[in-house]
> 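Once you've had a glance at the structure underneath, I'll fire off some questions.
Read the numbers this way: they start at 1 and go in the same order the structure lists the ligands and their atoms.
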Amino acid sequence: MPQEMLEQEAMRVLQTNDREGFTVPTAGLYPFQWLWDAGFTALGWMKFDENRAWREFELLFQGQWANGMLPHIIFHKPESSYFPGPNRWGTHHTPPTSGITQPPVIASFVHRMLERAKDRSLAEEKARALYPKILAYHRWFKYQRDPDNRGLMNTFHPWETGADNSPAWDEALAQVEIDPTLPPYTRRDTSHVDPSQRPHQSEYDRYLTLLEIYKRADYDQIRLHKECPFRIASLLVDCVLHRANCDLLRLSHYFGAGDEAEITAWIKSSQMGIENLWDEEMGLYLNHDLIQDKPIRVGVSASFLPLYAGICSRQRAKRLVQTLESWGQQVRYLVPSTDPTHPKYEPQRYWRGPVWAVVNRLIAWGLADYGFIKNAERIRQDTYKLFEVSGFSEYYHPSTGAGLGGGSFSWTAAMLLAWE
Ligand code: GLC
């Protein structure tokens, strides 16, 4: 399909999924506003409607809590096609929200949008107003999720990593005992998508058990450090936050906000924290179980994100690229969400194998920053081919290229528009 037609189609997806200022990831399966989806989607809107792009963030921050936390779902309008909805989360916010967060891409994308905006004065006005809210969000991360200043955030739920059912979480999640008093529920996801492409029931029971634990702790983060039976350091959260802090620092300079010393200290700390996740034998960075204090030895697409964070040495970056190239010999389309030689690799099941366009975009940025232009270009070409062959799906089979999960997916369409 010619580029122009693909672009038209991508814009149509965003317009169809627009709900007066926020964009649903896809109708039915995900009928609300999601945090990191909103970030990627705004990059897509930016290509043809800058005002609408900034609006996405204004609506997102309507969900921000008084303590600075930015929730992963904002339930702007009631909808029954998704579970767990606002009642199950039991948070007390208007508009209703979930009670956990997601990879904090916002600072980086606001900075990017500000740099590239055609309408500069609009961009300055919007970014200036967003700056203190983003700062409050990052402060919440640092002081509530890394109280020991280890340089790694405590992530309390697989959903917070954005990569819900990655095999990287299996062992840690298995330690969560399913609550025998768990109130009954009906999953909605499997009525929209074939169950073979979604998480297992035993995982869902644990996801919901964690919710009950948060409610009992009244969402008190410091209590959760003691009471939450799932605590991991996730490369998706930590690398995205590291780069977001670097971009927040740039915004602070730009607006003369004077927060540089505080933000620089966070950056130094996460630089060390993430470097410690390197595994020489596997040639990869690894997620880390913070309860057991041990590395999670499963290669995942996020293992390449220290390139995006910009923290790895030249030597480690080269080694990462070799690992990526070896994955590229196993599959037709990079980057599978799980190492394709790992026994837990499942090419059609959500985060256990399929390719996700947004993670590809982050990895390609990292590769290009380090000068690995050929590798970044392979990822771009693979991703474009997937758009051409299978449209804007939620995720894709790394060998056949089949579109999987939900269709007409906002952040996927946005990546066609925003991949320059
Ligand atoms: C799924 C994904 C998550 C995404 C959400 C909405 O839960 O795992 O990363 O934000 O869907 O698209």
> Side chains of D247 and S108: donor-acceptor distance under 3.5 Å anywhere?
yes
> Considering the heavy atoms of W411, write down every atom of ligand 1 situated less than 4.0 Å from one of them.
4 (C), 9 (O), 10 (O)
> Which residue is it: K142, R150, H242? I am looking for the one with a side-chain hydrogen bond (donor to acceptor under 3.5 Å, both in side chains) to S269.
K142
> Who's closest to atom 9 (O) of ligand 1 heavy-atom-wise, of G162, P199, S166?
G162
> Using a strict cut-off of 4.0 Å, indicate which atoms of ligand 1 neighbour a heavy atom of W34.
5 (C), 6 (C), 10 (O)
> Using the six-membered ring of W365, assess whether NZ or CZ of R361 lies under 6.0 Å from its centre and within 45 degrees of the ring axis.
yes
> Short list, please: which atoms of ligand 1 are under 4.0 Å from a heavy atom of P25?
6 (C), 12 (O)
> F83 ring centre to R88 NZ or CZ under 6.0 Å, with the angle to the axis within 45°?
no
> Which residue supplies the protein heavy atom nearest to atom 4 (C) of ligand 1, what is that atom called, and how far is it?
D37 OD1, 3.5 Å
> Is the contact between W351 and ligand 1 made by the side chain, the backbone, both, or neither, using heavy atoms and a 4.0 Å cut-off?
side chain
> Here's a test for you: under side-chain hydrogen bond (donor to acceptor under 3.5 Å, both in side chains), which of R55, Q33, R52 qualifies with T23?
R52
> Is it the case that R187 places NZ or CZ above or below the six-membered ring of Y204, under 6.0 angstrom from the centre and within 45 degrees of the axis?
yes
> Distance to 0.1 Å, residue and atom name: give those for the protein heavy atom nearest to atom 7 (O) of ligand 1.
D164 OD2, 2.9 Å
> What protein heavy atom sits nearest atom 1 (C) of ligand 1, and how far off is it?
Y350 OH, 3.0 Å
> Does the ring of Y384 carry R380 above it, NZ/CZ under 6.0 angstrom from centre and within 45° of its axis?
yes
> Within the 4.0 Å heavy-atom shell around Q102, which atoms of ligand 1 are there?
3 (C), 4 (C), 9 (O), 10 (O)
> Would you call F409 a ligand 1 contact, heavy-atom distance under 4.0 Å?
yes
